[in-house]
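Keep in mind that what you see is a predicted model, and the values were worked out from it rather than measured. Whatever order the structure lists ligands and atoms in, that order sets their numbers, starting from 1.
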Amino acid sequence: MSEEILRTEKLSKSFWLGGREIQVLKDVTFNIHSGEMVSIVGASGAGKSTLLHILGALDQPTGGAVFFKGASLFEKKEKELASFRNQKVGFVFQFHHLLSEFTAYENVMMPALIAGLYKKEAEERAFQKLKEVGLSQRSGHRPGELSGGEQQRVAIARALVLNPTLLLADELTGNLDAKTGEQIQELLIELNQRYHMTMIVVTHNKTLAERMPKRFQMVDGLIFPLQT
Ligand SMILES: Nc1ncnc2c1ncn2[C@@H]1O[C@H](COP(=O)(O)OP(=O)(O)O)[C@@H](O)[C@H]1O
Ligand SMILES: [Mg+2]
């Protein structure tokens with residue numbers, strides 16, 4: 001069996017609104033091993049984004065635990081958590097969040113600069129990643145000069161620039177037309193096959209969800225395995 005990358009134990013998350021507790025995650029327990037491709041589907045409001053944010057340490061749970069390679073994520077010091085966010089996970093969102101005044105390769109190299117790599121090395125990595133996502137020809141373009149699919153490729157390259165252990169994707173094809181969405185799907189599968197990239201993909205896209213070997217559904221803050 002391959003190495004366990006991530007495990008949650010009775011993960012819960014509540015928000016307080018107007019003195020009322022809203023339980024968005026309830027006892028979410030699941031795990032994912034190295035190289036696995038996992039999809040999570042579920043109705044809007046089921047808690048998918050909340051879960052992904054916690055797995056990427058962008059938010060804190062109110063109960064339970066997340067273990068990354070066996071170590072409890074939220075027992076880490078803030079400095080370690082920051083480097084976890086920067087180096088161990090890559091995040092891709094529905095809206096790419098690229099910086100519009102920077103070129104594709106400048107956007108991609110940003111996490112590498114934040115991690116303290118020399119500019120030259122960060123640049124080399126950025127060009128390499130843009131090549132891997134099929135965008136070598138567009139590295140000098142700004143986001144506004146790229147199509148929606150190309151922008152998502154840049155966002156994927158940026159998420160991968162430090163070779164993270166885990167890629168978290170939240171509705172990354174949600175804003176794309178069917179054909180472009182399909183090309184992005186192919187890219188994810190290729191990245192998994194070529195680099196053994198472990199990924200969790202939250203999606204409304206049935207075809208994309210079904211192409212992932214391990215599948216979950218979220219219903220009202222709970223997670224269920226789907227039959228394969
Ligand atoms: N910061 C917040 N404060 C209060 N409620 C929130 C907050 N973030 C999310 N929620 C609520 O949590 C529920 C799940 O949201 P979300 O995780 O975004 O669902 P999904 O991604 O599955 O559509 C929703 O009812 C949403 O309104
Ligand atoms: Mg969401």
Side-chain angles (χ1 to χ4, degrees), residues 5-32 36-68 73-74 78 81-82 84-85 88-98 148-149 151-156 158-160 164 166-178 180-182 184-185 187-188 198-212 214-227:
I5 297 292
L6 199 75
R7 173 162 53 94
T8 70
E9 261 175 27
K10 293 183 172 292
L11 198 63
S12 64
K13 174 75 177 176
S14 295
F15 293 106
W16 288 88
L17 278 184
R20 232 183 96 234
E21 184 183 10
I22 301 174
Q23 227 190 334
V24 173
L25 299 179
K26 307 164 187 162
D27 278 4
V28 171
T29 300
F30 76 106
N31 64 38
I32 165 166
E36 275 190 315
M37 293 182 95
V38 174
S39 66
I40 302 178
V41 297
S44 180
K48 307 179 299 296
S49 294
T50 304
L51 174 62
L52 229 52
H53 284 130
I54 292 173
L55 299 181
L58 298 176
D59 198 359
Q60 297 241 354
T62 39
V66 177
F67 296 90
F68 180 77
L73 191 58
F74 294 99
E78 185 42 49
L81 265 188
F84 169 82
R85 274 181 219 112
K88 303 297 181 202
V89 287
F91 229 116
V92 205
F93 304 91
Q94 175 173 6
F95 302 100
H96 53 71
H97 299 303
L98 298 172
Q151 290 171 354
Q152 268 320 21
R153 284 174 194 268
V154 176
I156 293 170
R158 179 182 56 182
L160 298 181
L166 178 66
L167 181 70
L168 299 172
D170 195 0
E171 308 271 10
L172 85 168
T173 62
N175 236 16
L176 305 174
D177 60 75
T180 311
E182 221 169 88
I184 296 288
Q185 270 179 49
L187 174 63
L188 290 181
T198 311
M199 57 180 86
I200 302 179
V201 176
V202 162
T203 185
H204 273 121
N205 183 316
K206 202 160 171 274
T207 338
L208 175 57
E210 285 176 357
R211 289 193 69 181
M212 303 289 133
K214 187 165 169 175
R215 305 200 287 272
F216 292 98
Q217 180 171 20
M218 284 193 75
V219 181
D220 228 358
L222 292 166
I223 198 161
F224 303 95
L226 287 174
Q227 297 300 327

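The line from NE2 of H53 to CZ of F93 is 4.5 Å long, rounded to the nearest 0.5 Å. Separating the CG atom in L176 from the CD atom in E182 is a distance of 12.0 Å, to the nearest 0.5 Å. Between Q60 atom CD and F74 atom CZ the span is 5.5 Å, to the nearest 0.5 Å. With rounding to the nearest 0.5 Å, the separation of NZ in K26 from CG in L222 is 5.5 Å. Atoms CG and OG1, from N175 and T180 in turn, are 11.0 Å apart once rounded to the nearest 0.5 Å.
Within a 4.0 Å radius of atom 26 (C) of ligand 1, the protein contributes no heavy atom.
Of all atoms in ligand 1, listed by their number and element, those nearer than 4.0 Å to a heavy atom of S49 are 17 (O), 18 (O), 20 (P), 21 (O). Near V24, the atoms of ligand 1 lying under 4.0 angstrom from a non-hydrogen atom of the residue are 11 (C), 12 (O), 13 (C), 14 (C). Of all the atoms in ligand 1, the ones that sit under 4.0 Å from a non-hydrogen atom of S44 are 23 (O). Every atom of ligand 1 is numbered from 1 in the order shown, and the set under 4.0 Å from a heavy atom of A43 is 22 (O).
Where the criterion is an N or O separation shorter than 3.5 Å, residue side chain and backbone included, G47 meets it with respect to ligand 1. Checking only distances, A46 does come within under 3.5 Å of ligand 1, N or O to N or O.
For the pairing with K13, the side-chain hydrogen bond (donor to acceptor under 3.5 Å, both in side chains) check across D59, T50, T62 returns one residue only, D59. L6 pairs in a side chain to side chain contact (heavy atoms under 4.5 Å, CB included) with only one of the listed residues (V89, L168, L73, V66), which is V66. Tested against L167, the residues V92, T198, V201 include a single side chain to side chain contact (heavy atoms under 4.5 Å, CB included) partner, V92.
Look at S49 and the Mg ion (ligand 2): an N/O/S atom of the residue is under 2.8 Å from the metal.
At the top of the distance list for atom 16 (P) of ligand 1, counting protein heavy atoms only, stands T50 OG1, 3.6 Å. Given atom 23 (O) of ligand 1, the protein heavy atom at minimum distance is G45 N, 2.7 Å. Among protein heavy atoms, atom 1 (N) of ligand 1 sits closest to F15 CE2, 3.4 Å.
Between G42 and ligand 1 there is no heavy-atom distance shorter than 4.0 Å.
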